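Residue numbers start at 1 and run along the sequence shown. Both counts, for ligands and for their atoms, begin at 1 and track the order of listing. Being a predicted model, the structure only gives us computed values, none of them experimental.
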Amino acid sequence: MNQKNEEYRKEIVISSISSPIRPPIQMSLENFDVGHGIGKGQFGNVFIAREKTSGYIVALKSLSIQELIKANAERQLRREVEIQANLRHPNILRLLGHFHDDESFVLILEYAAKGELYKQLVNSGRLKEEEASRYIAQLAEALSYIHKKHVIHRDIKPENLLIDLNDEIKIADFGWSVHTPSRRRKTFCGTLDYIPPEMVEGKEHDEKIDLWSLGVLCYELLTGTAPFEEPGNTATYKRIAKVEFTLPDHLSYDARDLINSLLQRDPKRRLPLKDVLKHPWIRKYKKTL
Ligand SMILES: CCc1cccc(CC)c1NC(=O)n1cc2c(c1)/C(=N\C(=O)c1ccc(N3CCN(C)CC3)cc1)N=N2
């Protein structure tokens, strides 16, 4: 199946699921042949599934309503659905639709056939500069798309990034995304490695926090560890606040230059996304289209 009519098929399925013109067809589990589990999350599991009429492969993310209520996370989920349903970009995992019964809320998501970037990183230790450069370029495109819609992701890290069959990266979890400007209300759960200095100090933050995370991610893809990684949270906080990191010798000059221009304490001094896309480390690996 070539790319063109694959995209066409996708549009058919998607428009049938969530076209703004016709009321969205109310989907339920009966519309899918549900396959094996492909992942476990805080609120539930993800299954591979095939939509019966179109044969289209999707990921069904089933979330326990009880768990969502217990964690007071239903508002965050509503925001995630609102934001992700309206985003259309090759490097953002599509939310094709959703339905619920009295136990679970099910998200119908695009299937990313090569799984989590995080697992790739754990298996290979660190990526080759060419591979990391391609992923960073794709992420910079996706981030500039969401920033133009005044959305910030706030949680760019390997655990939230998936890879599809064509080695395209997909931003997959918008649970922490908000409209700019914003002040974080809930405590951050999960790794602190990606939090920028302004968030460590609880200051107001804007879309430039995604530039910081892009720098942290670039460092982690190329070295296999996060730049401010420490056993304890307070030690991590301290190093983030002082922007204390060292670049290993094996990194090329251009890679070091891009990381240094993103990991700037002052958000205004971070390299804007349009300049990231023109950076020598990005251009030298861009396959000539
Ligand atoms: C687990 C649920 C969860 C919780 C929190 C955040 C996220 C986003 C990453 C998620 N995942 C999520 O929403 N997901 C939406 C998704 C999705 C996850 C997914 N694919 C996979 O998870 C996956 C995993 C492993 C895989 N194989 C591993 C072994 N290889 C040899 C062959 C390929 C192939 C696909 N496609 N859409």
Side-chain angles (χ1 to χ4, degrees), residues 6 10 13-14 17-18 27 29 32-51 54-68 70-71 73-74 76-85 87-100 103-124 127 131 135 138-139 142-143 146 151 153-178 186 188-191 193-194 210 213 217 220-221:
E6 170 67 16
K10 191 193 272 194
V13 169
I14 294 154
I17 292 177
S18 61
M27 282 276 186
L29 274 180
F32 299 92
D33 292 319
V34 183
H36 59 281
I38 47 179
K40 276 190 180 331
Q42 191 185 357
F43 297 112
N45 310 331
V46 179
F47 301 88
I48 189 168
R50 185 187 24 244
E51 202 272 321
S54 63
Y56 198 64
I57 302 292
V58 295
L60 294 181
K61 188 168 181 176
S62 165
L63 304 159
S64 141
I65 292 178
Q66 196 188 357
E67 289 298 308
L68 283 168
K70 228 189 313 179
E74 65 274 31
Q76 189 177 327
L77 177 69
R78 198 187 323 282
R79 189 168 55 210
E80 177 177 349
V81 169
E82 254 159 47
I83 288 179
Q84 206 163 347
L87 297 177
R88 303 270 190 283
H89 189 277
N91 299 113
I92 293 175
L93 196 78
R94 275 300 301 280
L95 174 62
L96 301 163
H98 52 82
F99 55 87
H100 64 88
E103 277 113 44
S104 339
F105 195 93
V106 180
L107 302 181
I108 309 170
L109 292 162
E110 177 183 358
Y111 178 61
K114 288 195 179 174
E116 295 166 4
L117 172 62
Y118 172 71
K119 296 271 168 57
Q120 253 188 30
L121 203 52
V122 164
N123 296 341
S124 60
L127 302 187
E131 208 180 356
Y135 286 152
Q138 290 167 12
L139 278 176
L143 288 175
I146 66 168
V151 170
H153 188 272
R154 292 203 312 179
D155 202 8
I156 296 293
K157 59 187 178 189
E159 294 80 350
N160 288 340
L161 300 170
L162 295 166
I163 310 292
D164 79 354
L165 219 47
N166 314 321
D167 277 326
E168 288 277 323
I169 206 163
K170 304 273 178 180
I171 301 180
D173 189 4
F174 279 76
W176 277 97
S177 53
V178 285
K186 296 184 75 172
F188 228 80
C189 53
T191 170
D193 284 323
Y194 280 72
D210 287 338
S213 313
L217 180 78
E220 184 157 1
L221 295 182

Practice task
Would you please name every residue forming a side-chain hydrogen bond (donor to acceptor under 3.5 Å, both in side chains) with Y135, sequence neighbours left out?
Solution key: Q120
Problem - side chain to side chain contact (heavy atoms under 4.5 Å, CB included), paired with I171, selected from L162, D155, L143, L87 - result: L143
Exercise for the section: Go through the structure and list residues passing salt bridge (charged side-chain N to carboxylate O under 4.0 Å, His left out) with K40, not counting sequence neighbours. Expected result: none
Practice task
Please check if the distance between the ring centroids of H98 and F105 is under 6.0 Å.
Solution key: yes
Handout entry: Which residues share a salt bridge (charged side-chain N to carboxylate O under 4.0 Å, His left out) with D164, sequence neighbours left out
Key = K170
Handout entry: Salt-bridge contact E116-K119 (side-chain N to carboxylate O under 4.0 Å)
Key = yes
Give me the pairs of N or O atoms, one from ligand 1 and one from the protein, that sit under 3.5 Å apart.
unit_1, atom_1, unit_2, atom_2, d
ligand 1, 13 (O), K61, NZ, 3.1
ligand 1, 20 (N), A112, O, 3.1
ligand 1, 36 (N), A112, N, 2.9
ligand 1, 37 (N), E110, O, 2.9

